[in-house]
Amino acid sequence: MDDSSFTFGKKEKLCSRKTIDLLFSKGRGFMAYPIRVQVLPVKELPEDVPVQAMFSVSKKRFKRAVKRNLLKRRMRESYRLNKHNLYNVIEHNDLQLAVAFLYISGDEMDYHSIDKGMKKAIEKLVAKIEKNEFTP
RNA sequence: ACAGCAGGCCGGCUUGUCGCCCAAAGGGGAGGAAAGUCCGGACAACACAGAGCACUGCGCUUCUUAACGGGAAGGUGGCUGUAAAGUCACGAAGGUGUAGCAGAAAAUUACCGCCUUUAGAGGUAAGGGUGAAAAGGUGGGGUAAGAGCCCACCGGAUCUUGUGGUGACAUGAGGUGCCGUACACCCCGCAGGUUGCAAGACCAUGUAUAUCGCGGUACUCAUUUGAGUACGGAAUGGCUCGUUCCGGUUCUUUUUACAGAUGCCGCGAAGGGUAGGUCGCUAAAGGGAUUAGGUAACUGGUUCCGCAGAUCAAUGACAAGCCCCUUUUUAUCAGGGACAGAAUCCGGCUUACAGGCUUGCUGUUUUU
RNA sequence: CGGGAUGUAGCUCAGCACGGUUUAGAGUACUCGUCUGGGGGGCGAGGGGUCGGAAGUUCGAAUCUUCUCAUCCCGA
């Protein structure tokens, strides 16, 4: 684990509209309540990082932009602090992934509950990688 | 002191750990509404010789402003309130229309009643019920019975005129019996080209070409057309005139010549493709303090500051302390801290909002 | 982010516009009756609406005005 492993810069964010479209049409998903994860192995990410991630909260479930922003920020914070495990595994397997985290629950949860969910999600994802589900 | 009316301001604070965006040097990083997108501008692209009509919006006065349907101060009337105040309406002059049901009648009214009269017929708005609204009100005279028919007072309207005010208007004097209500339209004045930063400009990527315009080549072959006007069509536009552009009839048939167009090539438009980047993009009708003018909105001067610019989208998470609120006699503990997140930028309006501070005014009660 | 449209019976729509006053209407679905031995289908009758919500104008609002809440569409 190096020093920069708690950062979450622009390089690690999933920005390309094209890859997002591809992720939701071809990627595979699983649940880790209150989060739904959508994953796709990508050949050529534009930046030299193992994972590009994005976070999303439905407008239907939360009308107010303030609440959506708050939940996205909590998810991002939790991902930032827990991602090192995922990075290690991926570098071992020589992969690049595009990942989306969608907030599914209908009510506003505090940071600790979201953190629990995020840890569970990453564990599941790591397990799937170790079973070689994403190697083509 | 309590209750209330009108206005202004604030919109938790501090520290630590780990992070994000812009700049690359320090530094800076959500709001009063960033919201709704209801008005008005700036800015950009496109359109545009001009004139008239229509449509839409606004409509008391004076001022304010880049502009406004906003704001300030003020006027008149209706409604609400004991009051402070709030709210709605208001265009010189004039014209037209509508008012279901009920009711005699919704505006040149006559069912009952009253009066004249043999009857037919006529007069009448005092009384009646209907309705949202019923012919200014009270008293007296008058009359067949009644009525502004006449008179007094009161409430309006209108004309003449004096005074005050920049003005809307206010107020005094005199004249005229002139006297229902509500709404809408006509009319008058002012404003309005359209679309919006996903506007628009540039770069990168780059695959067949339907179609249209311009230029060139070939005139071998095939097809087709032939001056001008009436006329028709298109563009401009909400519509009309006008302007500009295009088409093209002429009794029929044949031959020849000339010129043009299409089939070929190039360029441009369009179409198709791309979904990446740069600019627009933040210094602005800017903000704070102070001062001068003005009742005020606002304007001028001086001085200081340089104040978010993301692009699937930053401005955060966690912890501790303080502050405020709720429960509790108090403290501890526990729970909670409104509405809400920039997206081209400004000026307003409207809507949402815990709690707190503050100025002026009104009413009631008590004391002096 | 910008622009625009629509909310009426369980469902799909009329009626709204410039004109305010009718019992808010049609199709389908539902219930009952009837024709049939029964089903389907036909015929007849019936129930079901605070016209998305709240204020205002008016004697009177689904309709006009203002605010508000949903849903949908278009734009590099």
Side-chain angles (χ1 to χ4, degrees):
Chain A
M1 188 156 72
D2 54 346
D3 303 305
S4 66
S5 72
F6 287 120
T7 62
F8 184 68
K10 210 168 177 180
K11 286 182 180 179
E12 296 168 74
K13 204 187 294 170
L14 182 55
C15 292
S16 166
R17 205 191 180 104
K18 240 176 158 178
T19 28
I20 291 168
D21 284 345
L22 211 65
L23 169 62
F24 281 99
S25 58
K26 297 202 173 166
R28 278 189 278 170
F30 60 90
M31 292 290 299
Y33 190 81
I35 298 169
R36 179 184 157 81
V37 186
Q38 190 86 9
V39 204
L40 185 72
V42 185
K43 288 273 164 56
E44 293 163 8
L45 283 178
E47 303 289 342
D48 186 27
V49 289
V51 179
Q52 280 197 327
M54 63 172 287
F55 306 90
S56 177
V57 181
S58 169
K59 198 172 186 176
K60 290 225 165 155
R61 292 179 205 277
F62 296 93
K63 288 267 171 237
R64 302 285 162 221
V66 176
K67 287 183 182 170
R68 289 202 301 276
N69 278 346
L70 182 66
L71 291 169
K72 278 196 276 186
R73 279 163 182 166
R74 279 175 180 163
M75 282 201 289
R76 197 182 61 212
E77 198 65 16
S78 173
Y79 172 74
R80 182 173 69 77
L81 296 171
N82 292 309
K83 67 178 183 174
H84 53 271
N85 200 11
L86 179 64
Y87 273 40
N88 285 339
V89 174
I90 286 176
E91 276 168 19
H92 256 265
N93 286 278
D94 194 28
L95 270 172
Q96 279 193 314
L97 290 183
V99 187
F101 296 92
L102 310 175
Y103 190 81
I104 287 296
S105 171
D107 37 46
E108 213 180 317
M109 293 172 121
D110 65 348
Y111 175 73
H112 296 291
S113 323
I114 291 174
D115 193 47
K116 247 195 221 165
M118 183 58 77
K119 278 176 179 161
K120 204 164 65 186
I122 288 176
E123 270 173 38
K124 273 191 179 180
L125 190 55
V126 166
K128 277 172 189 276
I129 291 166
E130 283 175 341
K131 282 190 220 159
N132 289 333
E133 280 192 25
F134 296 114
T135 39

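Treat the numbers as computed from the prediction; the structure is a model and nothing was measured.
- The separation of B:A157 from B:A184, taken at their P atoms, amounts to 22 Å, rounded to a whole angstrom.
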Every protein N/O within reach of nucleotides 335-343 of chain B N/O, cut-off under 3.5 Å:
residue : atom : partner : partner atom : Å
B:G341  : OP2  : A:Ala65 : N            : 3.3
B:G341  : O6   : A:Arg73 : NH1          : 3.4

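- The two residues A:Phe24 and A:Leu102 have their closest heavy-atom pair at CE2-CD1, 4.0 Å.
- Residues from residues 111-121 of chain A that place a heavy atom under 4.0 Å from any atom of RNA chain B, listed by number: A:Tyr111, A:His112.
- Pair check for B:G136 finds B:C154; Watson-Crick or G-U wobble, both atom distances under 3.5 Å.
- Closest heavy-atom contact between A:Met118 and A:Asn82: CG-ND2, 4.4 Å.
- Across all strands shown, B:C55 is found opposite B:G192 as a Watson-Crick or G-U wobble partner, with both distances under 3.5 Å.
- Spacing of C1' atoms, B:C307 relative to B:G31, comes out at 15 Å, to the nearest Å.
- Between the P atom of B:A313 and the CD atom of A:Gln52 lies a distance of 11 Å, rounded to the nearest Å.
- Checking B:C183 for Watson-Crick or G-U wobble geometry (two distances, each under 3.5 Å) identifies B:G97 as its partner.
- Nucleotide B:U282 carries a syn base; the chi torsion (O4'-C1'-N9-C4 or O4'-C1'-N1-C2) is within 90° of 0.
- Atom CG in A:Asp110 sits roughly 12 Å away from atom P in B:A317 (whole-Å rounding).
- Look at the C1' atom in both B:A182 and B:A121: the space between them is 39 Å, to the nearest Å.
- Taking atom C1' in both B:A67 and B:A191, the straight-line distance is 11 Å, to the nearest Å.
- With rounding to whole Å, A:Lys72 atom NZ is found 10 Å from B:U315 atom P.
- Counting to the nearest Å, the P atom of B:C21 and the CZ atom of A:Phe8 are 9 Å from each other.
- Paired with A:Glu77 under the rule side chain to side chain donor-acceptor pair (under 3.5 Å), one option of A:Arg73, A:Arg74, A:Arg80 passes, and it is A:Arg80.
- Of the nucleotides present, B:G162 is the one that pairs with B:U171 by Watson-Crick or G-U wobble criteria, both distances under 3.5 Å.
- Taking atom C1' in both B:A308 and B:G286, the straight-line distance is 15 Å, to the nearest Å.
- One interatomic measurement links the two molecules: CD of A:Glu77 to P of B:C18, which rounds to 13 Å at whole-angstrom precision.
- Shown here, B:U108 forms no base pair; nothing in the strands shown gives a Watson-Crick or G-U wobble contact with both key distances under 3.5 Å.
- Taking the syn range as angles within 90° of 0, the glycosidic angle of B:C307 is syn.
- B:A85 and B:U80 make up a base pair, with Watson-Crick or G-U wobble contacts both under 3.5 Å.
- Linking Ile, Leu, Val, Met, Phe, Trp and Tyr residues whenever their side-chain heavy atoms come within less than 4.5 Å leaves A:Met75 and A:Ile104 in two separate clusters.
- Minimum atom distance to the side chain of A:Arg76 is reached by B:U315, of the listed B:U315, B:C18, B:C20.
- The separation of B:A292 from B:G59, taken at their P atoms, amounts to 40 Å, rounded to a whole angstrom.
- Residue A:Gly9 is the one, among A:Ala53 and A:Gly9, whose nearest nucleotide of RNA chain B lies closer to the 5' end (criterion: closest heavy atom).
- For the C1' atoms, the distance linking C:G60 with B:U61 amounts to 36 Å, nearest Å.
- An anti orientation is assigned to B:G94, its glycosidic angle lying beyond 90° of 0.
- Listed by chain and number, the residues in a salt bridge (charged side-chain N to carboxylate O under 4.0 Å, His left out) with A:Lys13 amount to none (sequence neighbours excluded).
- Base pairing of B:G232: its partner is B:C246, meeting the Watson-Crick or G-U wobble criterion (both donor-acceptor distances under 3.5 Å).
- Nucleotide B:A269 has B:U211 as its partner under the Watson-Crick or G-U criteria, with both atom distances under 3.5 Å.
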Please report, to 0.1 Å, the donor-acceptor pairs under 3.5 Å made by any side chain of residues 119-127 of chain A, with sequence neighbours excluded.
residue  : atom : partner  : partner atom : Å
A:Lys119 : NZ   : A:Asp115 : OD2          : 3.3
A:Lys124 : NZ   : A:Met31  : O            : 2.7

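- With rounding to whole Å, A:Arg80 atom CZ is found 15 Å from B:A314 atom P.
- Put simply, chain A comes within 4.0 Å of RNA chain C, heavy atom to any atom, from C:A70 to C:A76, going 5' to 3'.
- Aromatic ring orientation, A:Tyr79 versus A:Phe101: tilted (interplanar angle from 30° to 60°).
- For B:U311, one of the phosphate oxygens OP1 or OP2 lies less than 4.0 angstrom from a side-chain nitrogen or oxygen of A:Lys10.
- Annotation: side chain of A:Ser58 is not in contact with side chain of A:Tyr103 (no heavy-atom distance under 4.5 Å).
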Canonical and wobble pairing (Watson-Crick, G-U, under 3.5 Å) of RNA chain C, dot-bracket with |: (((((((..((((...........)))).((((((.....)))))).....(((((.......)))))))))))).
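- For the pair A:Glu12 CD and B:C20 P, the computed distance is 9 Å after rounding to whole Å.
- Note: CZ (A:Arg68) to C1' (B:G316) measures 17 Å, nearest angstrom.
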